[in-house]
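Remarks on the structure that follows.
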Amino acid sequence: MLKTELKVETIGIPSIQALSESEQRTFFETLFASILKLSKQSKGA
């Protein structure tokens with residue numbers, strides 16, 4: 001199984017709640033799509 005590590009660096013204290021509902025939805029949809037893509041890549045390796 002392929003192990004993938006991601007490093008996230010932030011400036012200040014991030015707050016998802018500071019985003020609008022639409023921006024929050026886009027953030028989580030993008031995050032979910034990225035996780036699925038990594039999962040599919042590791043299964044294909």
Side-chain angles (χ1 to χ4, degrees):
M1 176 183 283
L2 178 65
K3 182 178 178 182
T4 302
E5 290 187 31
L6 302 174
K7 182 178 179 182
V8 176
E9 293 185 33
T10 61
I11 299 172
I13 300 173
S15 174
I16 297 295
Q17 295 160 341
L19 301 173
S20 69
E21 251 183 69
S22 174
E23 290 170 324
Q24 288 180 31
R25 176 178 294 276
T26 299
F27 172 81
F28 286 114
E29 287 174 348
T30 303
L31 182 62
F32 184 68
S34 297
I35 291 169
L36 286 178
K37 183 178 177 181
L38 285 171
S39 175
K40 289 178 183 178
Q41 286 177 351
S42 69
K43 288 180 183 178

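The structure displayed is predicted, hence computed values, not measured ones.
With hydrogens and angles ignored, the 3.5 Å screen pairs no side-chain donor or acceptor of Ser39 with any backbone N or O of Ile35.
For Gln17 against Gln24, the heavy-atom pair with the smallest separation is CA-NE2, 3.8 Å.
Under the side chain to side chain contact (heavy atoms under 4.5 Å, CB included) criterion, Leu6 pairs with Thr4, Leu38, sequence neighbours left out. Residues satisfying the side chain to side chain donor-acceptor pair (under 3.5 Å) test with Ser20, not counting sequence neighbours, are Glu23.
Surrounding CD of Glu29 are more than 12 heavy atoms belonging to other residues, nucleotides or ligands, all under 6.0 Å away.
Here the CZ atom belonging to Phe27 is positioned 4.0 Å from the CD1 atom belonging to Ile16, to the nearest 0.5 angstrom.
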